[in-house]
Amino acid sequence: MAEKNLFTSESVTEGHPDKVADAISDSVVDAIMAEDPDGRVACETLVTTGMALVAGEITTKIYVDIPKLTRAKLFEIGYTDASYGLDYETCAVITSIDEQSPDIAMGVDRSSPEEQGAGDQGLMFGYASNENDQYMPTPIHLAHRLAERLAAVRKSGEIPYLRPDGKTQVTVEYEDGRPVRVDTVVISTQHAAETTLETIRADMVEHVAKPILEASGLDHAAVRYFVNPTGRFVLGGPHADCGLTGRKIIVDTYGGMGRHGGGAFSGKDPSKVDRSASYAARWVAKNLVAAGAADRLELQLAYAIGVAQPVSVRVDSFGTAHVAEDAIVAAVRELWNLTPNGIIEALQLRRAIYGPTAAYGHFGRSDASFSWESLDRVDAVKAQLGL
């Protein structure tokens, strides 16, 4: 008998308060990387009613107009009216920026780039599955696409009563480890006060959910829809909930499928292995799965501050490997330079590429700037492992 189970993942729109904070933090990273690729950034943002607070440690040769960047990002997301509780023109923008600790810099900086140490200790995970063309868990992939679609119909004016804040959630039925059916879709969207729940529900199903589900190729004939289940979502965004950088780490990664090391990504330059090594772990896992080493694979990397080489490399194939796991680990060590500098150089991470990562996931994206999604080592893996 086939083994069936359900798995659920969620996403949020770019107007969700935590994602607003992520976007502002990454806009600071991009501004610095564009003119000072060796700059060091650890930028945290808090957004609440009528205010954005940007704080952290930044060492750079250039001047960055953080209030201007913050207002531009709020405008881009759609916080353009004081009635939303946060308006790009009139909100307060407070900054509190120090330089990076010299104690940290001492552990990272070296006489040659090849010897650059990790910016902190920590563990990072990368994951990939061959269940779809994106090599991503299907629930989080669909949740992201729904959230993207929700933002798109708002910004285009197709559904004019929508407001920036929103959340999506997708439950997928798996049969013998393969996704076969969409069981449940949840969409919660901020809206104008005068809009009826009946209108919102009809539009969310017809104009947001159905186009995404039809493109998924999965059975969705009997899907259950929950749209604005409380019945009202007028008060939203930072006006309703304080937003913080780095508070959506499961949304940012694999939707709860696989483990998470705990470190956030947004607001950090690539010397921080929380970000760069997580990207590298995804790159490695995706190439291994695409090469046929396993059907599902999770890679763990761990680092010590100031030390270049990872202190451990671990593979878990969940019983789906087609070669021995120790051989896979040996191939990883042979084919990838997983030092901080090796990762940064291979993935070209000293670029202004981080803004698009702040919403709709850091993985499973097709944009060329997501260099860690490249399948450039598949042939090398096949040759190394005899696949």
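If you read the sequence from its start, that first residue is 1, and numbering goes on from there.
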Practice prompt. Any chance you could measure T80, atom OG1, to L74, atom CG, to the nearest 0.5 Å?
Written response: 10.0 Å
Fill in: side chain to side chain contact (heavy atoms under 4.5 Å, CB included) assessment of V332 paired with Q384
CA-CA 10 Å; V332 171; Q384 186 75 20; over 6 Å; no
Worksheet item: With side chains defined as the heavy atoms from C-beta onward, is the minimum distance between V251 and Y360 less than 4.5 Å?
Response: no
Discussion item. Just verifying a value: how many Å separate L69 CG and T45 OG1, rounded to the nearest 0.5 Å?
Written reply: 10.5 Å
Worksheet item: In this structure, are over 12 heavy atoms from other groups packed under 6.0 Å from E175 atom CD?
Response: yes
Worksheet item: Between the side chains of N341 and T339, does any donor sit under 3.5 Å from an acceptor?
Response: no
Discussion item. Is there a continuous path of hydrophobic side-chain contacts, each under 4.5 Å between heavy atoms, that joins V186 to V205?
Written reply: no
Discussion item. Using a 6.0 Å cut-off, check whether atom CZ of F75 has over 12 heavy atoms from anything other than its own residue.
Written reply: no
Fill in: Polar side-chain atom of S9 near backbone of G255 as donor-acceptor pair, under 3.5 Å
yes
Fill in: Min side-chain heavy-atom separation I249-H260 under 4.5 Å
yes
Discussion item. Taking G231's backbone N and O only, do any of them form a donor-acceptor pair with N228's side chain (distance below 3.5 Å, no angle check)?
Written reply: no
Worksheet item: Can you tell me if T196 and T199 form a side-chain donor-acceptor pair at under 3.5 Å?
Response: yes
Worksheet entry | D269 side chain to Y354 side chain, donor-acceptor N/O pair below 3.5 angstrom | no
Fill in: D379: partners by salt bridge (charged side-chain N to carboxylate O under 4.0 Å, His left out), with sequence neighbours left out
none
Worksheet item: Under the 3.5 angstrom rule, does the side chain of Q190 hit a backbone N or O of V234 as a donor-acceptor pair?
Response: yes
Practice prompt. Is it possible for you to say whether V315 and V323 belong to one hydrophobic cluster, with membership spreading through side-chain heavy-atom contacts below 4.5 Å?
Written response: yes
Discussion item. For R71 and C91: C-alpha separation, side-chain torsions, deciding distance, then whether side chain to side chain contact (heavy atoms under 4.5 Å, CB included) applies.
Written reply: CA-CA 8 Å; R71 296 184 194 282; C91 72; 3.8 Å; yes
Fill in: Sidechain-backbone polar pair: T8 side chain, T171 backbone, donor-acceptor under 3.5 Å
no
Worksheet entry | Pairwise side-chain contact, Y88 with Y79, heavy-atom cut-off 4.5 Å (strictly under) | no
Discussion item. Regarding D183 and R181, does a basic nitrogen lie under 4.0 Å from an acidic carboxylate oxygen?
Written reply: yes
Worksheet item: For R178 and N132, what are the C-alpha separation, side-chain angles and deciding distance, and is it a side chain to side chain donor-acceptor pair (under 3.5 Å)?
Response: CA-CA 9 Å; R178 309 298 297 180; N132 53 48; over 6 Å; no
Worksheet item: Is L375 reachable from M136 through a run of hydrophobic residues whose side-chain heavy atoms are each under 4.5 Å from the next?
Response: yes
Worksheet item: Do the charged groups of D274 and K268 touch, with an N to O distance under 4.0 Å?
Response: yes
Discussion item. Could you check whether D22 and S25, counting side-chain N and O atoms only, form a donor-acceptor pair closer than 3.5 Å?
Written reply: no
Worksheet item: Salt-bridged, R247 to D18, with N to O below 4.0 Å?
Response: yes
Discussion item. Assess, by modelled atom type and distance only, whether the side chains of N287 and W336 contain a donor and an acceptor separated by less than 3.5 Å.
Written reply: no
Worksheet entry | E131 and Y174, any side-chain heavy atoms less than 4.5 Å apart | yes
Fill in: Spacing of SG belonging to C43 relative to CG belonging to D26, to within rounding of 0.5 Å
8.5 Å
Worksheet item: Per the side-chain contact (heavy atoms from CB on, under 4.5 Å) rule, which among L150, L146, T13, V12 passes with K167?
Response: V12
Discussion item. Hydrophobic clustering (ILVMFWY, side-chain heavy atoms < 4.5 Å, transitive) - are I353 and I62 grouped together?
Written reply: yes
Fill in: Donor-acceptor side-chain pairing of Y127 and R296 below 3.5 angstrom
yes
Item to complete: Evaluate the criterion side chain to side chain contact (heavy atoms under 4.5 Å, CB included) for residue pair T60 and V41; output intermediate values, then yes/no.
Response: CA-CA 8 Å; T60 181; V41 190; over 6 Å; no
Worksheet item: Are the side chains of L218 and V180 in touch, meaning some heavy atoms are under 4.5 Å apart?
Response: no
Worksheet item: Hey, does the side chain of D326 reach the backbone of I328 with a donor-acceptor pair shorter than 3.5 angstrom?
Response: no
Worksheet item: So how far is it from L162 CG to T195 OG1, rounded to the nearest 0.5 Å?
Response: 8.0 Å
Worksheet item: Can you tell if the side chain of R232 reaches within under 4.5 Å of the side chain of L197, non-hydrogen atoms only?
Response: no
Worksheet item: Got a donor-acceptor contact below 3.5 angstrom from the D165 side chain to the T189 backbone?
Response: no
Discussion item. Has W283 got a side-chain atom pairing as donor or acceptor with S278's backbone, closer than 3.5 angstrom?
Written reply: no
Item to complete: Step by step, work out the salt bridge (charged side-chain N to carboxylate O under 4.0 Å, His left out) result for E214 and K210.
Response: CA-CA 6 Å; E214 287 168 2; K210 283 188 175 179; 6.0 Å; no
Worksheet entry | R145/E148 salt bridge by N-O under 4.0 Å criterion | yes
Worksheet item: Is the side chain of K286 donor-acceptor paired with the backbone N or O of Y135 at a distance under 3.5 Å, no angle test?
Response: no
Discussion item. Before you tell me yes or no, could you show the steps for V172 and L6 under side chain to side chain contact (heavy atoms under 4.5 Å, CB included), namely the whole-Å CA-CA distance, both residues' side-chain angles and the distance that decides it to 0.1 Å?
Written reply: CA-CA 6 Å; V172 172; L6 300 175; over 6 Å; no
Worksheet item: Could you give the distance from OG1 (T59) to CD (E99), rounded to the nearest 0.5 Å?
Response: 4.5 Å
Discussion item. Check this for me, if you would: do D30 and K73 make a salt bridge, where the nitrogen-to-carboxylate-oxygen distance has to be below 4.0 angstrom?
Written reply: no
Discussion item. With clusters defined by side-chain heavy atoms of hydrophobic residues (ILVMFWY) lying less than 4.5 Å apart, directly or transitively, does L235 cluster with F233?
Written reply: no
Discussion item. With a sphere of 6.0 Å drawn around CG of D133, does it hold more than 12 non-hydrogen atoms of other residues, nucleotides or ligands?
Written reply: no
Fill in: Test item: E325 side-chain N/O and S317 main-chain N/O as donor-acceptor pair under 3.5 Å
yes
Practice prompt. Indicate yes or no: does R201 engage E206 in a salt bridge with an N to O separation below 4.0 Å.
Written response: no
Fill in: Check: V54 and T70 side chains under 4.5 Å, non-hydrogen atoms
yes
Worksheet item: Less than 4.0 Å between a side-chain N and a carboxylate O, is that true for D316 and R259?
Response: yes
Worksheet item: What pairs with H191 under side-chain hydrogen bond (donor to acceptor under 3.5 Å, both in side chains), at least two apart in sequence or on another chain?
Response: none
Practice prompt. May I ask you to decide whether E373 forms a salt bridge with R282, counting only side-chain N to carboxylate O separations under 4.0 Å?
Written response: yes
Practice prompt. Cation-pi check, R275 to F265: give yes when NZ or CZ is under 6.0 Å from the six-membered ring centre and within 45° of the ring axis, no otherwise.
Written response: no
Worksheet item: Would a distance-only check, ignoring hydrogens and angles, find a side-chain to backbone donor-acceptor pair under 3.5 Å from D98 to E57?
Response: no
Discussion item. Within the 3.5 Å criterion, strictly below it, is a donor on H239 or Y84 matched to an acceptor on the partner's side chain?
Written reply: no
Worksheet item: Counting only heavy atoms not in E3, do more than 12 sit closer than 6.0 Å to its CD atom?
Response: no
Worksheet item: Just how far is it from atom OH of Y303 to atom NZ of K272, taken to the nearest 0.5 Å?
Response: 15.5 Å
Discussion item. In the structure I gave you, are the side-chain heavy atoms of D295 and H322 within less than 4.5 Å of one another anywhere?
Written reply: yes
